[in-house]
Amino acid sequence: MSAERDTLLAAAREAVGQAYAPYSGFSVGAALAFADGSVVTGANVENASYGLSLCAETVAVASAMNRGLRAGLLAVAVTGGKSHRTAGAAPVTPCGRCRQVLSELAQLGGTDPVVWCESGEGVLEMRLSELLPHAFGPANL
Ligand code: THU
């Protein structure tokens, strides 16, 4: 599992380079791993109208779904920040909106992906269901 974790975090780190974050200076990369072996990444895209900014995780989910990926979301890696992976840096955990966006894709395929969030001290590991308990989703409609 740790080789998979390191590989996915490396993909997320590479995605940080694609971030457009001129307003916050907080660049984030996310990587999604699927059961079919696909890895899809995203980085945050900010806007001069600040509230319209898109988080890395949401960009990655939109990209994956636009490639036709609907099932088998197994793992999510998130990294970045102002001082990328410096000692003491807090982990970048998905914001509330991103948890919901990730949950939709996970629920479509019936998985509860592991989420790896990199910090200056190591990697925080959780299940998406821990980040978003009692999630609302397609089954509720
Ligand atoms: N951001 C993400 O892309 N993902 C997260 O998990 C947390 C926050 C972005 C949004 C904004 O562009 C910047 O980080 C600062 O909040």
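Treat the numbers as computed from the prediction; the structure is a model and nothing was measured. Numbering of ligands and ligand atoms starts at 1, following listing order. The residues of the chain are indexed from 1 along the displayed sequence.
- Remark: Leu132 CG to Asp112 CG distance equals 10.0 Å, nearest 0.5 Å.
- In the hydrophobic clustering, where aliphatic and aromatic side chains (Ile, Leu, Val, Met, Phe, Trp, Tyr) are joined below 4.5 Å either directly or transitively, Met65 groups with Phe26, Val28, Leu32, Phe34, Val40, Val61, Leu69, Leu73, Val76, Val78, Val92, Val101, Leu102, Leu105, Leu108, Val115, Leu124, Met126, Leu128, Leu131.
- With respect to atom 11 (C) of ligand 1, the closest heavy atom belonging to the protein is Glu46 OE2, 3.3 Å.
- Closest heavy-atom contact between Gly42 and Ala60: N-CB, 3.7 Å.
- Distances from ligand 1 to the non-hydrogen atoms of Ala21 include no value under 4.0 Å.
- In terms of protein heavy-atom proximity, atom 7 (C) of ligand 1 is nearest to Val92 CG1, 4.0 Å.
- The minimum heavy-atom distance between Ala21 and Ser27, with the atom names listed, is CB-OG, 3.9 Å.
- Of all atoms in ligand 1, listed by their number and element, those nearer than 4.0 Å to a heavy atom of Ser24 are 13 (C), 15 (C).
- Taking a cut-off of under 4.0 Å to the non-hydrogen atoms of Thr93, the atoms of ligand 1 that pass are 6 (O).
- Considering only non-hydrogen protein atoms, atom 4 (N) of ligand 1 sits nearest to Glu57 OE1, 2.9 Å.
- Given atom 3 (O) of ligand 1, the protein heavy atom at minimum distance is Ala56 N, 2.8 Å.
- Atom 16 (O) of ligand 1 has as its closest protein heavy atom Phe26 CD2, 4.7 Å.
- Using a 4.0 Å cutoff on heavy atoms, Pro94 counts as a contact of ligand 1.
- The nearest protein atom to atom 1 (N) of ligand 1, hydrogens excluded, is given as Cys55 SG, 3.6 Å; this is a heavy-atom distance.
- Salt-bridge check for Glu118 with Arg13: passed, with a basic side-chain N closer than 4.0 Å to an acidic carboxylate O.
- Considering all non-hydrogen atoms of both residues, Ala43 and Gln18 come closest at CB-C, 3.8 Å.
- Closest of all the heavy-atom pairs between Cys98 and Cys55 is SG-CB, 3.3 Å.
- Note that CG of Leu141 is 4.5 Å distant from CZ of Phe136, once rounded to the nearest 0.5 Å.
- Protein heavy atom closest to atom 9 (C) of ligand 1, with residue, atom name and distance, is Asn44 ND2, 3.5 Å.
- Between Gln107 and Ala135, the closest heavy-atom pair is NE2-CB, 3.8 Å.
- The shortest separation from a heavy atom of Val59 to ligand 1 is not under 4.0 Å, leaving the residue out of contact.
- For ligand 1, the atoms closer than 4.0 angstrom to any heavy atom of Cys95 are 6 (O).
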